[in-house]
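What follows is a short report on a single structure.
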2 protein chains.
Amino acid sequence: MAKDRKIDAVILGLLSHEDLTGYEIKKRIDGAIGFFWKGSFGNIYPALNDMEKQGLVEKSGGDKSSGREKFFYHITKKGSDALNDWIADEHAVNELKYETLLKIYFGGAADSSVSVRNIEVFEEQARQNLSILNVFKENLEKVLDTGDHLHYYLTVTFGIETYEAYLRWCDKAKKILSK
Amino acid sequence: MAKDRKIDAVILGLLSHEDLTGYEIKKRIDGAIGFFWKGSFGNIYPALNDMEKQGLVEKSGGDKSSGREKFFYHITKKGSDALNDWIADEHAVNELKYETLLKIYFGGAADSSVSVRNIEVFEEQARQNLSILNVFKENLEKVLDTGDHLHYYLTVTFGIETYEAYLRWCDKAKKILSK
DNA sequence: AATTAGATATATCTAATTGATATATCTATA
DNA sequence: TATAGATATATCAATTAGATATATCTAATT
């Protein structure tokens, strides 16, 4: 089943813009792309090691003389080619994993106030995420024509469109349950 | 970290309606709840074994005399209590894992036709899922007042609302990219 | 100046999930 | 009768998730 490791592509994508340490890669993943993809030290560091062996990235630094031990990773031509192949490959795994929906689905036996409460918690999360994404969107719109942020902008508008849909559903669902 | 195994709750939820075999549990997960949760034999069978040891479910059958070896699982009082505790617990992990968005996010270096193609593939998936959910919805609306299908109906409307949002985003994103 | 809290940084470990594979039986159809 | 496809249990390797261990750097507090 080997070579289904998506974290490799994420790392290569991030390194295609700038050299980064493992720690910085984690921060990037938690940031802009965190709402549609996750990463952890537990898969980032092993992936960096493997990809170095495969010649997809190059490791540098680590000289303790200049302060803290720190390794920067740089994408190679081979890594860049692998990244482009992955982007151009039409196959993509898209999946939702929503525990809230499970609780709604199985919530029929319990009192409906329990489901309403679960929806309210979900609604609050969606509202917060939406307001963060709206800030991103406003900032991006200021620089859209100058820089290279169009694709980032598209993922942000995706998030906004879906969180708005969630909030509409929350309203309707709460009304249905309170009847 | 133990006891974070969500598949347990899914199985208990399914068993709260009827006794099932592991194979049937897999089919149920692939069906109605498949668009917001996944399961595999690789976690269903081990979970059933563990839960039997914990007294959350009871195993019966397996007598090869009456045809194929087949084990039915039945939820216990303890299992039913565990299910209710989980439903009433406000904490829920909700996460998107959308490889298409990764490809869009990192697609800035490639030709924009590549991103358009990725969006088209995504759009086709969304369109198909939406039409399936609309069939579910129509069938459910016929029996909504009679049976116990309200909570199922709510998860279906969630899916419809979000897939419609995806399609709106696809339209907008393609327009932006073709400019 | 010394202490401390929090961020930076690498790395590993366990548990859980995913997806494939192995094995075998039943059922409908060609 | 053969065989393809569905039913059924079970396990394995690869990947992911989340926590933890260790240590250094930095800025604020005492």
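Each chain gets a letter, A, B and so on, in the order the sequences are listed, and its residues count up from 1.
- Counting only distance, with no hydrogens or angles, the side chain of B:Lys38 and the backbone of A:Lys97 share no donor-acceptor pair below 3.5 Å.
- If you look at B:Phe158 and A:Tyr166, their ring centroids are closer than 6.0 Å.
- Atom CG in A:Leu20 sits roughly 14 Å away from atom P in C:dT8 (whole-Å rounding).
- Counting non-hydrogen atoms under 4.0 angstrom, B:Lys27 reaches the backbone sugars and phosphates but no base.
- Using a 4.0 Å cut-off, some side-chain N or O of A:Tyr23 falls inside it from OP1 or OP2 of C:dT8.
- A straight line from NZ of B:Lys70 to C1' of D:dA8 spans 8 Å, rounded to a whole angstrom.
- The CZ atom of A:Phe122 lies 5.5 Å from the OG1 atom of A:Thr100; values are rounded to the nearest 0.5 Å.
- Near-neighbour residues of DNA chain C inside residues 28-49 of chain A, defined by a heavy atom below 4.0 Å, number-ordered: A:Phe41, A:Gly42, A:Tyr45.
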Intra- and inter-strand pairs of DNA chain D in dot-bracket (Watson-Crick or G-U wobble, both distances under 3.5 Å; | for another strand):
||||||||||||||||||||||||||||||
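- Summarising the geometry of A:Leu102 relative to B:Phe36, their closest heavy-atom pair is N-CE1, 3.6 Å, with the distance given to 0.1 Å.
- The CD atom of A:Glu69 sits 16 Å away from the P atom of D:dT22 (whole-angstrom rounding).
- Of the candidates B:Ile75, B:Ile7, B:Leu12, B:Leu12 is the only one forming a side chain to side chain contact (heavy atoms under 4.5 Å, CB included) with B:Met51.
- The NZ atom of A:Lys6 sits 16 Å away from the P atom of D:dA14 (whole-angstrom rounding).
- Side-chain atoms of A:Trp169 come within 3.5 Å of backbone N or O of B:Leu154 as a donor-acceptor pair.
- Protein atom OH of A:Tyr73 is 11 Å distant from nucleotide atom C1' of C:dA11, rounded to whole Å.
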Hey, mind stepping through B:Leu133 and B:Phe136 against side chain to side chain contact (heavy atoms under 4.5 Å, CB included) and telling me if it holds?
CA-CA 5 Å; B:Leu133 287 176; B:Phe136 286 177; 3.9 Å; yes
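- With DNA chain D read from its 5' end, the first of the two nearest nucleotides for B:Lys97 and B:Thr21 is the one closest to B:Thr21.
- Residue A:Lys26 contributes atom NZ, which lies 12 Å from atom P of C:dT8 at whole-angstrom precision.
- Between the CD atom of A:Glu95 and the C1' atom of C:dG19 there is a distance of 11 Å, given to the nearest Å.
- Distance from the side chain of A:Ile7 is smallest for D:dT16 among the nucleotides C:dT8, D:dT16, D:dA10.
- Regarding B:Glu99, its CD atom lies at a distance of 14 Å from the P atom of D:dT15, rounded to whole Å.
- For A:Phe71, whose side chain is taken as the heavy atoms from C-beta onward, the closest listed nucleotide among C:dA9, C:dT10, D:dT16 is C:dT10.
- Applying the salt bridge (Lys or Arg N to Asp or Glu O under 4.0 Å) test to B:Glu164 and every residue at least two apart in sequence or in another chain returns nothing.
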Take B:Glu120 and B:Arg117 through the salt bridge (charged side-chain N to carboxylate O under 4.0 Å, His left out) test and state the conclusion after the steps.
CA-CA 5 Å; B:Glu120 283 168 352; B:Arg117 184 69 197 128; 3.1 Å; yes
